Number of protein chains: 2
Amino acid sequence: MDTANSGRESSAARIEQALLEDIAIGELEPGARLDETRLAERFGVSRTPVREALNRLTAQGVLVTGEKRGVRVAQYSREELAQMFEAMHEIEALCAGLAAQRLTLLARSELEKAQAECVAAAATGDRLRYLKANEALHFLIYRATRNIYIEALAVDFRRRTGPFRAKKFATREDLVASATSHEELLQTIFSADSERASDGMRRHMTASFLRVLALN
Amino acid sequence: MDTANSGRESSAARIEQALLEDIAIGELEPGARLDETRLAERFGVSRTPVREALNRLTAQGVLVTGEKRGVRVAQYSREELAQMFEAMHEIEALCAGLAAQRLTLLARSELEKAQAECVAAAATGDRLRYLKANEALHFLIYRATRNIYIEALAVDFRRRTGPFRAKKFATREDLVASATSHEELLQTIFSADSERASDGMRRHMTASFLRVLALN
DNA sequence: AAACTTGACTTTGCATACAAAATGAACTTC
DNA sequence: GAAGTTCATTTTGTATGCAAAGTCAAGTTT
């Protein structure tokens, strides 16, 4: 498989990533059924690596093996969505609190740089660029907890809620509002007051969350 | 889903459970390498279902695909163990806080019953019985959050830290001390003061955690 | 007309086979 | 003698085939 597999990763890994992408951009909607054979054809491989990818994604909770046949893209009721966002919300608050306690100078400067990029992206109204910058900033906050498990947890939730958050940033005002909210949050984290930082993150996330629920 | 489908579960699911069991009881030590072919022989199946089980367990973080060949039982350095327990610690605190806010009468009575069982088990010094009762109580607290994602998170961490916590309850005094600690925690949860409940859980878990680190 | 049955078709799970990649050891070379 | 090189062996990844289990619909019976 020298020609087919251009990258270094296995077919299974490639398919896993591709499906995640499809779900993230809405190509595969929640509830959509995934057929092993179809996917095998689409990616030009046999069913074996497809099955592997589907298994991994199922274990991650991105896909679910439904009551009927086949595996489907996980879909959530409003109640489940609310619970998922609540969970993410609390995890993010936890991250902010820990980050506030443990902020190194390096981490601080990186956060400031990331925030600058957010502001710049918001100013131009470039939605995609803002989404990336926003992700980067949040990931930096997770990392600043200096706890790999909590970081992994937060990353995981962000990935799972991604498809639902994506719709949120529609107008340039949305971007600017988000960036401004970040600014306050960072100031609180920098103040090294973990309790206030947690609350700050909760406020930031609550605003996001309410908008998402309104849209879904 | 695994238990409900007893008798008719797939080979992969059966192998997954068997391996989890082996890890839990220490048959498979952290760092032990798992050979697909060996496992296939041992379970009398081909490599295909074995690979499926290993993939699932890897996705769960129970196994890790190391730098060298093969997948291994996850092993943690002291630093990683400390971080993992810190994470669990925070998650448990979060659960206690939410449970305090949302406790139904039914949940409260179930918690009290579970605690009574803990106390009874501790009194007899029956280690296995206490372990089970202790698990049950913690799971009830998770459920009392009324958030399935946070509950799942907490259950997951408890499972991952299980092998390391198991050693902790050596003497009858250990059991009684743990049960007493639970008592205080529950009183705080019942007081419906979520902030104090979080702190209570933190105290309870810190005590556990320090003992674990001393042993590993 | 509703419900049960039967049979074709689809889907899934597993086995076997093969190819590619990595590891380790023997061997060569400087 | 140490370092590099090549070859054999082990291990992993993927393909294909087959059998069992499930689904759906048409046909039959009450």
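Computed from a predicted model, the values in this text were never measured in an experiment. We name chains A, B, ... by the order of the sequence lines, and we start the count at 1 in each one.
Taking each heavy atom of A:R158 and A:N134 in turn, the nearest pair found is NH1-ND2, 4.0 Å.
Shown for residues 53-65 of chain A: no residue has heavy atoms falling under 4.0 angstrom of DNA chain C.
Between B:E52 and A:R51 there is a salt bridge, since a side-chain N of the basic residue sits under 4.0 Å from a carboxylate O of the acidic one. Ionic pairing of A:R108 and A:E112 is present here: one or more N-O contacts between side-chain nitrogen and carboxylate oxygen are shorter than 4.0 angstrom.
Here the side chain of A:R47 pairs no donor or acceptor atom with the backbone of A:T37 at under 3.5 angstrom. A donor-acceptor pair under 3.5 Å is formed between the side chain of B:R72 and the backbone N or O of B:G31.
Side-chain contact, A:E16 with A:Q60: a donor N or O sits under 3.5 Å from an acceptor N or O.
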#### Entry: Test log, rule side chain to side chain donor-acceptor pair (under 3.5 Å), inputs B:R146 and A:Q83
CA-CA 8 Å; B:R146 309 181 72 80; A:Q83 288 189 21; over 6 Å; no

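At whole-Å resolution of the value, CD in A:E41 and P in D:dT16 are 12 Å apart.
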### Query
Using a cut-off of 4.0 Å between protein heavy atoms and nucleotide atoms, how would you tag nucleotides 9-15 of chain C 5' to 3' with B, S and -?
-BBBBSB

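The structure places CG of A:L153 at 5.0 Å from CZ of B:F157, a figure rounded to the nearest 0.5 Å.
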